[in-house]
Amino acid sequence: VRRKKYRKISEKVEKWQKMADRRLLTLRKTIMFYICIWNIFLLIGCAKTEMVSEDNAVTNENIVTTTGTIAIETEVIETEVIETEVIETETQDAIQPSSDQPPEATPEYKIIMVGDVLLHTPVEESCLQPDGSYDYDSLFSHTKEEIVAADLALVNQEVIIGGADLGISGYPCFNADYSLCDSLVGAGFDVICHATNHAMDKGRAGLVNCAEYWRDEYPQITVLGIHDTADTSTSCGADPAIIELGDMRIAVLNYTYGTNGISLPADMPYAVDLLNEEQVAADIQRAEELADFTIVCPHWGTEYRLTSDASQEKWTKIFAENGADLILGTHPHVIEPIEWVTDEASEHEMLVYYSLGNFVNWTSGTGEGVANRMVGGMAEVTLTKNDNGELEIADYGVKPMISHVASGPEGVTTYFLEDYPEELAEENEIVSQDPEFSREYCVNLCDSVWGDLWKTCLLYTSPSPRDTR
């Protein structure tokens with residue numbers, strides 16, 4: 001038993017001895033490895049010291065060889081550094097946008113305005129529905145797409161919209177159904193100019209009804225020129241209407257020369273905005289303080305005259321002197337010229353559309369010149385900001401329109417001249433009132449009044465953009 005016990009003990013001791021020997025051998029190898037590394041570092045240090053020492057005894061050949069080796073190593077290192085820099089540069093270029101990229105395009109905003117929505121009796125009849133209601137959508141069906149596309153669309157609403165209770169009527173004392181408001185909004189108009197010589201055709205009731213309907217049903221629409229309360233009139237201290245297009249602030253003012261001899265209500269002297277020199281000057285100056293761009297829509301001039309008159313020349317001078325930027329005129333019921341006007345004192349430039357003519361009408365007149373009343377214009381003006389942040393007119397033009405009249409439901413409407421073929425012109429019943437009417441007649445009229453401007457509408461660019469400031 002003891003021998004077995006001693007044998008087991010001896011075997012364990014022998015096993016432990018072998019393990020100790022293996023560990024000792026591993027330790028020795030490790031120590032020898034670190035000693036070798038240390039010696040290598042010492043040798044390298046000595047070699048470097050010898051190369052830089054003034055007293056080194058290395059032969060020229062060895063020096064050249066060593067130097068060549070160092071040069072090669074240095075070249076390799078420099079190459080690696082350059083490659084690293086290239087990679088870093090490429091990475092930075094990938095992360096950061098290139099400074100050579102073109103700058104962001106400056107926003108542009110298109111403003112349009114059409115002339116008189118003049119609802120003679122045959123026009124009203126064409127919009128009358130079988131149930132006795134009125135629907136005026138057909139008047140705008142062929143021009144709506146262009147109106148909706150504009151950033152700001154204005155219209156001269158020639159006749160008061162007093163509602164059916166006051167009686168729907170045509171010339172000489174006009175009145176339209178409230179549904180005309182619905183159609184104007186549906187067509188895409190943002191600004192309704194009501195300061196016309198027909199604003200008081202239905203007296204106080206017509207004006208108040210009209211103003212209230214707009215305010216109650218379409219508060220988002222800017223209605224100008226008439227007031228049923230003093231707090232919206234500039235003559236009573238209100239600020240001009242300001243409309244924002246992006247970061248641009250546009251002021252719009254609307255006045256008429258008169259109201260066909262109908263007096264304003266004694267307790268509402270502010271009911272219609274009239275062309276009063278002192279008030280107009282104050283309004284424009286205030287608009288210039290509040291806005292970047294000022295539009296004035298005057299109801300002025302001489303009916304059926306194809307050129308501006310002395311009164312228009314006088315008011316143009318007043319508008320320019322006070323800093324207005326764009327004039328969009330109405331009332332003559334025919335088109336008139338478009339031109340730039342410069343104020344001599346300030347050298348301020350102002351674009352003037354003297355008259356946009358009729359948007360829609362069916363006059364009862366006959367004979368020479370009646371055909372002229374069937375041609376209207378859509379003013380198209382593009383605004384932008386220059387590099388100095390100043391607002392300017394970048395492009396402008398005019399798009400001719402034709403009042404097409406035919407008997408029957410929805411027989412009256414308006415077409416752009418470019419969409420109006422000779423065959424359709426031959427069907428226009430105005431021919432019975434003026435045999436001179438034809439598509440060619442309309443083209444010649446546009447040529448004589450507007451020159452080539454209408455043919456290149458909005459593709460026309462002034463020689464240099466006009467800074468309105």
Side-chain angles (χ1 to χ4, degrees), residues 110-116 143 146 150 154 156 295-298 300-313 315-317 319-320 324-343 348-359 368-384 392-403 414-422 425 434 436-468:
K110 179 180 173 183
I111 298 174
I112 66 104
M113 180 168 176
V114 300
D116 309 337
T143 54
E146 190 83 9
L154 299 84
N156 183 63
I295 301 172
V296 181
C297 302
W300 60 354
T302 302
E303 289 185 338
Y304 318 129
R305 177 178 171 135
L306 295 171
T307 58
S308 58
D309 64 14
S311 173
Q312 287 168 296
E313 301 296 335
W315 281 106
T316 295
K317 188 171 184 294
F319 296 152
D325 302 304
L326 175 62
I327 309 302
L328 300 170
T330 58
H331 173 63
H333 303 306
V334 294
I335 59 174
E336 291 183 347
I338 301 164
E339 68 175 358
W340 285 95
V341 173
T342 303
D343 176 55
H348 170 69
E349 291 183 310
M350 179 180 74
L351 180 60
V352 182
Y353 291 71
Y354 285 101
S355 176
L356 296 173
N358 292 323
F359 174 80
E368 183 181 354
V370 168
N372 295 345
R373 309 180 200 179
M374 310 311 285
V375 179
M378 175 184 283
E380 296 186 321
V381 178
T382 300
L383 302 184
T384 189
E392 63 186 18
I393 293 175
D395 295 287
Y396 67 97
V398 64
K399 212 165 186 177
M401 298 180 296
I402 307 298
S403 288
T414 298
Y415 291 89
F416 288 113
L417 177 57
E418 62 185 335
D419 302 325
Y420 196 65
E422 183 60 45
D434 185 353
E436 292 295 316
F437 180 86
S438 68
R439 188 183 191 283
E440 183 181 6
Y441 182 95
C442 297
V443 169
N444 292 337
L445 177 64
C446 293
D447 284 341
S448 66
V449 175
W450 291 328
D452 291 334
L453 178 59
W454 73 273
K455 296 176 181 177
T456 54
C457 183
L458 273 190
L459 296 176
Y460 174 89
T461 303
S462 56
S464 60
R466 304 301 184 109
D467 179 2
T468 61

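Remember, it's a predicted structure, so these values are computed and weren't measured experimentally. Just so you know, residue 1 is the first one in the sequence shown, and it goes up from there.
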| query | Is there a donor-acceptor pair under 3.5 Å between the side chain of W450 and the backbone N or O of L445? | reply | no
| With sequence neighbours left out, what residues match D309 under salt bridge (Lys or Arg N to Asp or Glu O under 4.0 Å)? | none
| field | Set of ring pair (Phe, Tyr, Trp, His ring centres under 6.0 Å) partners for H333, sequence neighbours left out | value | H331
| message | With heavy-atom distances below 4.5 Å as the criterion, would you say the side chains of I295 and D325 are in contact? | response | no
| message | Under a plain distance cut-off of 3.5 Å, with no hydrogens placed, do S308 and E313 share a side-chain donor-acceptor pair? | response | yes
| task | Return the set of residues passing ring pair (Phe, Tyr, Trp, His ring centres under 6.0 Å) with Y420 (not counting sequence neighbours), or none when no residue passes. | result | H404, Y415
| query | Residues in ring pair (Phe, Tyr, Trp, His ring centres under 6.0 Å) with F359, at least two apart? | reply | F140
| message | Just to verify, what does E440 make a salt bridge (Lys or Arg N to Asp or Glu O under 4.0 Å) with, not counting sequence neighbours? | response | none
| message | Just so I know, are the side chains of S355 and W300 near enough to count as touching, which here means a heavy-atom distance under 4.5 Å? | response | no
| request: I would like to know whether I327 and W315 meet side-chain contact (heavy atoms from CB on, under 4.5 Å); could you show each step before the answer? | output: CA-CA 10 Å; I327 309 302; W315 281 106; over 6 Å; no
| Any side-chain donor paired with an acceptor under 3.5 Å for E336 and Y353? | no
| field | Set of side-chain contact (heavy atoms from CB on, under 4.5 Å) partners for T330, sequence neighbours left out | value | M113, D116, N156, H299
| query | Looking only at side chains, do N372 and Y441 share a donor and an acceptor under 3.5 Å apart? | reply | yes
